[in-house]
Amino acid sequence: MSNNKTISATESNIATTSVLKDFLALIKIGIVNSNMITTFTGLFLAFQFTGRNFLHHIDLLVFALGGSGLIIAGSAALNNLIDRDIDPIMTRTKSRPTVTGRFKASSVWALAFTFIVVGEIMLFAASPAAALWGLVGIFSYVVLYSMWSKRRHVSNTIVGSISGAIPPLIGWAAVEPALGAGAWALFLIMFIWQPPHFYALAMRRTEEYRAVNIPMLPVVKGFARTKKSMLAWVLFLFPLPFLLTELGIGFLVLATALNLGWLYLALRGFKAKDDLKWASRMFIYSLNYMTILFVAMIIFSIFI
């Protein structure tokens with residue numbers, strides 16, 4: 001009897017874990033988490049730059065981060081639903097719950113729209129401007145990227161970079177609806193950071209994208225052309241930290257050092273013997289770059 005209860009409890013725990021894992025895959029929890037960093041950075045810098053006390057406005061933090069997280073999760077779920085015809089062919093995506101059938105399409109639609117509506121309400125509670133930028137982010141990711149450019153144009157990565165650059169604007173708008181120069185600096189950094197980041201991923205998955213006819217740059221133009229584009233985008237990053245001179249010389253030195261490191265790695269790609277190994281290093285560096293840079297913004301802003 002006790003053994004049967006133990007087995008039943010174990011099976012129940014496994015089932016619960018499986019459902020949770022599927023849910024996190026559905027909402028692309030990695031993307032949600034990374035965007036929360038940039039949303040919080042926008043919000044925190046807006047507080048610092050406007051001289052307002054962060055601790056006196058915890059409600060804005062809750063509404064801005066909660067709302068952003070929900071609309072990003074909802075949009076990611078819609079993206080999974082839109083791509084469920086091509087995801088089974090790609091190794092990286094073939095186990096998504098929208099592919100395996102563990103989440104029915106009707107349930108995903110309901111969940112996604114509930115998240116988006118509740119998220120927009122929370123953003124509106126922070127400020128109407130934050131809710132407006134939230135809608136811009138949803139439209140640019142779901143419609144402009146997922147439904148339009150992803151399967152039609154080699155510029156799909158650049159179009160997709162618009163939505164990825166919106167979160168810091170949402171965070172900033174929750175505090176300062178008119179947006180300041182600092183907000184647009186964050187937008188530009190995030191927008192320009194994304195092409196070399198995603199091109200590196202696309203190089204690693206070129207054959208999979210080719211199999212599903214997604215016109216990623218490495219598929220359409222080849223690796224040599226992709227490397228040149230990645231180098232150009234990395235170079236575009238160099239002047240951007242100087243739009244945030246309020247953060248001080250320490251931040252400018254750190255940001256420039258990060259840019260130099262990425263430039264060095266990008267240049268090494270032209271002599272790389274193993275393109276895929278080099279692309280993996282570029283991808284990992286881009287993740288560390290974004291995390292270090294945005295955390296550094298928060299830290300240096302405290303000492304303004």
Side-chain angles (χ1 to χ4, degrees), residues 27-78 112-142 144 160-194 240-241 243-244 246-247 251 290-291 293-304:
I27 65 172
K28 300 186 180 182
I29 191 62
I31 291 178
V32 173
N33 289 339
S34 62
N35 279 287
M36 287 298 93
I37 294 175
T38 61
T39 303
F40 178 77
T41 302
L43 181 143
F44 193 81
L45 262 60
F47 274 120
Q48 298 299 97
F49 285 13
T50 58
R52 298 169 66 179
N53 193 317
F54 175 76
L55 296 177
H56 293 168
H57 300 279
I58 297 298
D59 57 328
L60 292 183
L61 171 68
V62 174
F63 290 136
L65 291 186
S68 296
L70 285 172
I71 66 169
I72 294 166
S75 298
L78 289 178
F113 280 111
T114 299
F115 276 16
I116 288 172
V117 170
V118 175
E120 277 295 307
I121 292 172
M122 293 183 71
L123 290 180
F124 190 86
S127 80
L132 177 61
W133 283 112
L135 288 175
V136 172
I138 295 165
F139 179 79
S140 60
Y141 183 65
V142 176
L144 294 184
S161 296
I162 297 172
S163 59
I166 294 294
L169 295 186
I170 296 174
W172 196 292
V175 178
E176 186 187 13
L179 299 181
W184 293 109
L186 296 182
F187 174 87
L188 288 173
I189 289 171
M190 279 306 301
F191 179 78
I192 292 175
W193 169 83
Q194 288 174 91
L240 298 185
L243 299 176
L244 294 167
E246 296 95 332
L247 296 179
F251 169 75
M290 190 272 286
T291 303
L293 188 68
F294 276 77
V295 170
M297 291 178 189
I298 295 170
I299 294 173
F300 281 102
S301 72
I302 296 172
F303 300 101
I304 293 177

So, do [X] and [Y] sit near enough that their side-chain heavy atoms are less than 4.5 Å apart?
X: L61; Y: F44; result: no
X: F294; Y: F40; result: no
X: V136; Y: L169; result: no
X: F139; Y: L135; result: no
X: I72; Y: Y141; result: no
X: N33; Y: I37; result: no
X: P168; Y: T41; result: no
X: W193; Y: L293; result: no

Once rounded to the nearest 0.5 Å, what's the spacing between atom [atom1] of [X] and atom [atom2] of [Y]?
X: K28; Y: S34; atom1: NZ; atom2: OG; answer: 11.5 Å
X: L247; Y: F49; atom1: CG; atom2: CZ; answer: 4.5 Å
X: L186; Y: T39; atom1: CG; atom2: OG1; answer: 10.5 Å
X: M36; Y: I31; atom1: CE; atom2: CD1; answer: 12.0 Å

> Should we say atom CZ of F124 is surrounded by more than 12 heavy atoms from elsewhere, each under 6.0 Å from it?
Replying inline: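 Counting other residues, nucleotides and ligands, CZ of F124 stays at 12 neighbours or fewer.
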Where do [X] and [Y] come nearest, in terms of heavy atoms and distance?
X: I71; Y: E120; value: CG2-N, 3.8 Å
X: T38; Y: M190; value: CG2-SD, 3.7 Å
X: I162; Y: I166; value: O-CG1, 3.2 Å
X: A174; Y: S127; value: CA-OG, 3.7 Å
X: G182; Y: L244; value: CA-CD2, 3.9 Å
X: L123; Y: G134; value: CD1-CA, 4.1 Å

> Is there a donor-acceptor contact under 3.5 Å from the side chain of R52 to the main chain of H57?
Replying inline: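 Between the backbone of H57 and the side chain of R52 there is no qualifying donor-acceptor contact (under 3.5 Å).
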>> What verdict does the side chain to side chain contact (heavy atoms under 4.5 Å, CB included) test give for I299 and F251, after you've listed the backbone C-alpha separation in whole Å, the side-chain angles of each residue and the deciding distance to 0.1 Å?
In response: CA-CA 9 Å; I299 294 173; F251 169 75; over 6 Å; no
>> Students often mix this up, so state it plainly: with edges at 30° and 60°, are the rings of W184 and F187 parallel, tilted or perpendicular?
In response: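 Rings of W184 and F187: perpendicular, over 60°.
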